[in-house]
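The first residue in the sequence is number 1, and the count goes up from there. No hydrogens, no waters, no symmetry mates; every other heavy atom, side chains included, goes into these values.
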Amino acid sequence: MVDSTDRPEGGATGAKGGTTGAEPSPHPHPWLGLIAVALGVALIVVDLTIVNVILAPVIDDLGINSVQAQWIQESYAIVFAALLLITGRLCDLLGARRVFVVGLLVFAATSLLAALAPSGAPLILARFLQGVGGAMILPASLALVNATFSGRARGQAFAVWGSTIGAAAAVGPLLGGYLADHSWRWAFGINIPLGALILVGVLRYLPVSPRRPGRVDLAGGALSAAGLGLLAFGLIEGRTHGWLLTTQPLGAGGLSWSGGPSPTLTAFALSACALRAFWRRQSALARRDAQPLVDVRLFALPSFRNGNAVTLLVGLGEFGIIAVLPLWLQFTLGYSAFQAGLALVALAVGSFCASGMSFSTSASALAQVRAGLTLEAVGLTLLALVAAADSPWWPIALALFLYGTGVGLATAQVTNVVLADVPAESAGQGSGIQSAARELGAALGIAVLTTLFFSTLSSGLYDRLRSDGTPAAAAEHLSGTVTDSAGSAIPALSADPRTEAAAQSAREAMTTALQWSGLLAAGLLVLALAATLSIGRRRSSPSGELGDRGGAESAP
């Protein structure tokens, strides 16, 4: 059974009937608190996507090199993923609202450092520290929603929470495109007034979360941070530095990794060792009721165990396409950065429509997950079918609207399913594990889909150029140039009459790459849909008790 030695007397156990947190908040305006929490989540999600769009003006303004640019993009995501299990445990001990508030303050302060950064090194440091704040906010937001709402309202609250993630992922490129034309510093500076507004909302409209006596397993925390951080690093950096052998040197802190086994392969090996040691340690602590960082007995809950597997697959299929779609919109269809972001608004609209649907449906959380995954797969398949080098905007918008509606349903309600049977005293741990599954799935999805996209682009362009009579050396050079620039070389090729035909071939090759990426993402979401069949009506608590209200299947 889950260790309950530090459970406050009289506290809700959440062991039966799908109870998952403290009693619903007596505050008269909990929905206003939810809005504040959702906006906090939007801040950290936007920060994951906005930097890709503003990177060019950052490079020009600060005069940084490619290695620094790479770390500005990726340091935030790596630290974010590494700390989720630790911050989830802190939510249980210190209270989710306290962790959320501290995370928000850290995020706002480090955003100010990023906005004022005079050079690349301070900006990279600020991005690392932003990841710490983001890692505190995400699991705390889940725990707050879980504890504040119950019954049907919980499903509706998670719908708002999940729709915010889908919308924020789409709004990031739009906001970045707008700010790229003005000042990149506002991409970080805007977090400060928004953070202050969110802070007021959380403190005013959400009750203080209870503290629980206990301790943090520091050794386990170090192992989990190392394991998850190295795994995230490997997934993010594999395409750049090589999956097996080093294809491009890795530089950090004046050191360089330039040959032999790739840093990616080494990171995967070290991550496997660290995570294996972490799991063994947590299992041993759980057997002794010694307050593990993650009580592995939570995985005895079918809704939790299988729901996290679905979460991982959902992350795989959902986030990878967002990484490559803006490139196709800009360099194949000729959209500006702002126009590309505007095209993704259809995704955000669909996501918010899904949130509204949840308020009028009586379908269970699991049924909504399945409907969402179906809509996502249909939307991505439609996108692959309508994609062409001269596609009009409206079929793209329709496909993205369907996809966004699915994201709003699936992303929100899979969290409701995962946490449906987690005891109140373990809500933070459960939230941290589910957040880690989501982030690692997203990192893996981005790694898989970008690798497929750029490999297809390179080989497809080479084949087209060769079939048009271009010499092998020239075809290889042109395909390498387009691929290495992520397509940004296409406008220059198009402007030169001598390479205009090559530019058209590049647009066609990039379109084919997007089609295959969309179909693969759709296939992964169908796999996630199939995985939901493993989440049945009966459930068992970590103590071995069976709930009598259907667990995930009956969750609202």
Side-chain angles (χ1 to χ4, degrees), residues 48 51-52 65-88 120-121 124-125 127-132 134-135 138 218-282 293-294 308 311-313 315-316 319-320 323 432-433 435-455 484:
L48 282 167
V51 173
N52 294 333
N65 58 39
S66 60
V67 173
Q68 291 175 311
Q70 178 182 335
W71 281 107
I72 289 170
Q73 285 179 288
E74 295 155 5
S75 55
Y76 174 81
I78 292 171
V79 174
F80 188 102
L83 299 180
L84 286 170
L85 295 184
I86 300 173
T87 55
I124 293 170
L125 175 61
R127 291 287 287 166
F128 269 107
L129 296 175
Q130 273 190 308
V132 177
L138 185 61
L218 295 179
L223 286 171
S224 72
L228 292 175
L230 287 166
L231 180 56
F233 169 83
L235 293 173
I236 292 170
E237 300 292 342
R239 192 180 65 84
T240 301
H241 299 292
W243 297 105
L244 298 177
L245 298 177
T246 303
T247 57
Q248 180 176 314
L250 169 66
L255 302 176
S256 178
W257 186 312
S258 57
S262 74
T264 298
L265 181 62
T266 304
F268 284 147
L270 293 175
S271 172
C273 293
L275 291 177
R276 183 173 185 273
F278 171 74
W279 184 268
R280 291 170 64 89
R281 177 177 176 82
Q282 300 311 294
L293 183 67
V294 170
N308 273 301
T311 297
L312 184 70
L313 290 169
L316 263 167
F319 290 95
I433 294 170
S435 297
R438 182 190 306 277
E439 294 309 311
L440 291 176
L444 181 56
I446 291 171
V448 170
L449 262 73
T450 54
T451 298
L452 173 66
F453 181 83
F454 288 111
S455 298
D484 292 343

*Asks:* Output a table of donor-acceptor pairs, distance under 3.5 Å, between side-chain atoms of residues 218-226 and any protein atom two or more places apart or on a different chain; print 'none' if there are none.
*Replies:*
residue: Ser224; atom: OG; partner: Gly220; partner atom: O; Å: 3.4
residue: Ser224; atom: OG; partner: Gly221; partner atom: O; Å: 3.0

*Asks:* Could you work out, with side-chain contact (heavy atoms from CB on, under 4.5 Å) as the rule, every residue matching Ala442, not counting sequence neighbours?
*Replies:*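 Residues passing side-chain contact (heavy atoms from CB on, under 4.5 Å) with Ala442: Phe319.
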*Asks:* Could you list the residues that satisfy side-chain contact (heavy atoms from CB on, under 4.5 Å) with Thr451, not counting sequence neighbours?
*Replies:*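 Expected list: Arg239, Trp243, Ser455.
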*Asks:* Of all the heavy-atom pairs spanning Val294 and Gln282, show the shortest one and how long it is.
*Replies:* N-OE1, 3.0 Å
*Asks:* Got a sec, which residues hit side chain to side chain donor-acceptor pair (under 3.5 Å) with Gln130, two or more places apart in sequence or on another chain?
*Replies:*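 Only Asp47, Ser111, Arg127 meet the side chain to side chain donor-acceptor pair (under 3.5 Å) criterion with Gln130.
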*Asks:* Who are the side chain to side chain donor-acceptor pair (under 3.5 Å) partners of Thr87, not counting sequence neighbours?
*Replies:* none
*Asks:* Can you find a pair of side-chain heavy atoms, one from Leu84 and one from Arg438, that are under 4.5 Å apart?
*Replies:* no
*Asks:* Of all heavy-atom pairs between Leu83 and Ala135, which one has the smallest distance, and what is that distance?
*Replies:* CB-CB, 3.7 Å
*Asks:* Roughly how far, to the nearest 0.5 Å, is the CD1 atom of Ile433 from the CG atom of Leu293?
*Replies:* 8.5 Å
*Asks:* Rounded to the nearest 0.5 Å, what separates atom CZ in Phe278 from atom CG in Leu275?
*Replies:* 8.0 Å
*Asks:* Among residues at least two apart in sequence or on other chains, which ones pass ring-ring contact (aromatic ring centres under 6.0 Å, His included) with Phe80?
*Replies:*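 Partners of Phe80 by the ring-ring contact (aromatic ring centres under 6.0 Å, His included) criterion, ordered by chain and then number, come out as Tyr76.
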*Asks:* Mind listing the side-chain donor-acceptor pairs of residues 227-234 below 3.5 Å, one per line with the distance, residues two or more places apart or on another chain?
*Replies:*
none

*Asks:* Please identify each residue that fulfils side-chain contact (heavy atoms from CB on, under 4.5 Å) with Thr246, with sequence neighbours left out.
*Replies:* Trp257, Ser262, Pro263
*Asks:* How long is the span from the CD1 atom in Ile72 to the CG atom in Leu125, to the nearest 0.5 Å?
*Replies:* 11.5 Å
*Asks:* Excluding sequence neighbours, so at least two apart, what forms side-chain contact (heavy atoms from CB on, under 4.5 Å) with Leu444?
*Replies:* Leu235, Leu316, Val448
